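Both ligands and their constituent atoms are indexed starting at 1 by order of listing. For the single chain, residues carry numbers from 1 onward in sequence order. Note that the structure is predicted; figures quoted are calculated from it, not measured.
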Amino acid sequence: MPDNGTLKKRKERTNLDFYHSPTQLRFDTWHRLEEHSSRLREKHMRKADINSLSKRIREELSTIEVIENYSAFPSTEDIGLLWELFDQQDFAVLARVVARIVRALTNGTYRSREINLRVSSELDERDELSPEAEAQLHQRPYFELLFVDESGDDDVRRMRDNLRSLRRPEDNFIYDIVVVPSFEDALIAVLFNYNIQAVVIRYGFPLHSVNHLEILQRYLSKIDESEYEDALDIERGPLLGNVISDLRPELDLYLVTDAAVEDIAGNVTQKFSRIFYQQEDYLDLHLNVLRGIQARYETPFFTALRKYSRQPTGVFHAMPISRGKSVTKSHWIKEMVQFYGINIFLAETSATSGGLDSLLQPHGPIKKAQELAARAFGARRTYFVTNGTSTANKIVVQALVKPGDIILIDRDCHKSHHYGMVLAGAHVCYLDSYPLNDFSMYGAVPLREIKHKLLEYKKAGILHKVKMLLLTNCTFDGVVYNVERVMEECLAIKPDLMFLWDEAWFAFASFTPTYRRRTAMATAARLRLRFASAEYRAEYEAYCKRISKVKQEDLVTERLLPDPDLVRVRAYATQSTHKSLTSLRQGSMIHVYDQDFSLKVQEPFDEAFMTHTSTSPNYQILASLDMGRRQVELEGFEMVQKQIELAMTIRERVASHPLLSRYFRFLSAHEMIPEEFRPSGIANYFDPQKGWRNTRMEEAWETDDFVIDLTRLTLYLGLTGIDGDTFKNKYLMDKYGIQINKTSRNTVLFMTNIGTTRSSVAFLLEVLVKIATELDQEREEASRVERRLIDKRVKSLSQELPPLPDFSHFHAAFSMGASNKVKTGEGDIRRAFFLAYDEENCEYMTIDEETIGKAMKSGRELVSASFVTPYPPGFPVLVPGQVISEQILAFIRALDVKEIHGYEPQIGLQLFTEEVLQNLQQQ
Ligand SMILES: Cc1ncc(COP(=O)(O)O)c(C=O)c1O
């Protein structure tokens, strides 16, 4: 029998408020049921124990009964069987049946065969199929088809039997059905059951669910009851279709109606793949459903590459590695084949023949694969990039701006942007992000700052030169913008402004509804619809009356709306598919939602693509992007959802663990986002006392200027006395083999991804416990002197942090806006960058008081000739042409990091000579 402490802990764990998702509740409840029912089998149990266990089993069965309404396995009949056994007190059989269910759910056998629980296990597991048929069955992916229908149990059984009878050996997929009776149940099902891939909405279903399990009801906040009540009967199906497609746009929707199809088809065909009139013909439905899945399953380029690799081709082009010949013939590098397998070589070619396509001018499978990716990510167009987002960023910038055009860009953007600006000759106006001095990291750029800059350009009369706003969403540390608000208000000032959202870390965001709202593509699509609507026009007219009374200088604090007659939605997103989804390294995508693309961008875009793309792009990367796209369209929702759940679990466990919480905490919304940017007032998404209930995370994502991507976990180390770099290398890596790649002075960043498992989470927690135990011991055994040293380290890491510097300004020789009637801040970074190529234009100064300090005090403006980038924080604190301020100097001096690109302590900072600066100003 577990001791009291363990029981107490378990009891806490069963408190539903501490479950973030029903998936984990389902999993844990089944396991508890298995444990309790098998304990009841034991002989010689005390009556009191039997009673208490029975009570718990009853509760668990009641929970499971509700949860399992939304999955095909175990079925309603299966749950009925469990109750039957429980009522008969046949605990031995109950335990066996529960164990079989748990096994089937855990290893997924229910996906490939029917599990008949009424037949004894041994019999069921006997192989009734030939080994070949069995193997084929296992290969066929399984999914579930949801019916929204108020039919009774008999009808459901008939429906299931009918559809099962239609299964054919040649079908590529196998499926089972789930039937739910109401609007609310349908929403719960699509959000909770990851196996659902298609939905058949039949007529005449009520709004409310009869099930009441709070954790499931949390899904329902989005229902607008009055909309349902006001809708006619025939409109309710389409209404449900709209809500489902908003939540999971990848699902195929079918509508069955008894109204005249012709009357409603026009309004709903966009969301529904097919409408059936009083559907009776199951074969038609069956074939349509399979075809819908096939359309997502297609991988045109991967398939073409695989086909090519099987062809017996004579190689008379370059590339000796293709077909593996140079390797298999070799005496010395044979292990390459052993390690990689032969297929990778069979799939290598430099030819674009044999059914393959050219990335530089795609007409065949690459084009098709890109179109499918556009569909998956909600873009109008998608381009594959085989050199990472570093290159994707340069392509977009070159395509959209000419030398001399102005770009507004976040100060702490990725370095590829700075180089992109140099190459494109853009004039750069840096925007300061709010600093998080306590953690030595930046947040993101407040909208007020962006509007302020745009309004300044307007006043200076050069707004027409501002072409693009470029922001990082989300930031490395997980700060996410309110993309809609930013685009909307900026378009109010400049209606044709183009946006490049660097979503290097955010490719996964399209596959979960809350996150999707804050992606560039989903926002662009939403805004376009909104601006074209009659409601918006009315809203705009009312706004015009109000705003005409506001003074120009107050506009920055007003909520602005764009003119529907002028506005153009022009958004681009670059994503490192390889960072958050399945793709080989360097696989990235550019997504486009630009109303003016064909007219204004297509040609320069093609040129920019040519400029930066190799004529030998890596086919394996392209094929992996194609596969990664298939994956997200079929299981992206599931994977991202599970990733978020695991990240939540890590947060919750660290916050609730007495030892861990003494040394560690994950930074929460209120620590990473100042209050003024959180109008929802929500400070934490998890509360150690209240759990997840009422933490209103969805509301924060709906309204706040910034939110935190919960899949990224910033662990605060201030109280450990260990700095980020040492924690990363000495503790996590050397001792426990845990890899991470971002630290600040007093934090380390853990990133979860779609491959994160429950056991890797358990391992991480175990490691943190070990480290915390070590720290406890160290403190316990410390001498007085050692104790003082520890306290000093803790103080230094938690209180003595150098304030992060703002961008100072460009020197007059490079500052293009200095002579405007209203001074604007953009600079010609390209001019400064190339000027430094001539050594005689530069000198070097070490950062000590004697050298640089003296020069500064003499009143000389010191101007950087290079990028200076400390790691961490990993962005340039100086760019070519930038004036060195006291603040920046103080920051560099205070840095205790070992890696600073562009700066050698012995040689010092590279500066422009006074002479060259004077000459430039006189020109
Ligand atoms: C914000 C941001 N953009 C772009 C990149 C470059 O992406 P890639 O590694 O795919 O070239 C990175 C890389 O870390 C990044 O953090």
Participant: Check for a donor-acceptor pair, side chain of Arg518 on one end and backbone N or O of Trp701 on the other, with a separation under 3.5 Å.
Facilitator: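 Flag set: sc Arg518 to bb Trp701 pair under 3.5 Å.
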Participant: Would you please write out the protein residues whose heavy atoms approach any atom of ligand 1 to under 4.0 angstrom, listed by chain and number?
Facilitator: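 Ligand 1 is contacted, at a heavy-atom distance under 4.0 Å, by Gly388, Thr389, Ser390, Asn393, His414, Thr472, Asp502, Ala504, Trp505, Ser576, His578, Lys579, Ser588.
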Participant: For Thr747, enumerate each residue passing the side chain to side chain donor-acceptor pair (under 3.5 Å) test, keeping only those at least two apart in sequence or located in another chain.
Facilitator: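 Residues passing side chain to side chain donor-acceptor pair (under 3.5 Å) with Thr747: Ser744.
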Participant: Pick one: which of Leu500, Ile450, Leu408 meets side-chain contact (heavy atoms from CB on, under 4.5 Å) with Leu471?
Facilitator: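 In the set Leu500, Ile450, Leu408, the residue that makes a side-chain contact (heavy atoms from CB on, under 4.5 Å) with Leu471 is Ile450.
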Participant: What distance separates Thr386 OG1 from Leu584 CG, expressed to the nearest 0.5 Å?
Facilitator: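 Answer for the OG1-CG pair, Thr386 versus Leu584, is 11.5 Å.
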Participant: Give a yes or no on whether a salt bridge exists between Lys728 and Asp725, defined as a side-chain N under 4.0 angstrom from a carboxylate O.
Facilitator: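 Here Lys728 does not pair with Asp725 in a salt bridge, since their nearest N and O are not under 4.0 Å apart.
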Participant: Is any side-chain heavy atom of Tyr515 closer than 4.5 Å to a side-chain heavy atom of Leu710?
Facilitator: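 The answer is yes, as the side chains (C-beta and beyond) meet within the 4.5 Å cut-off.
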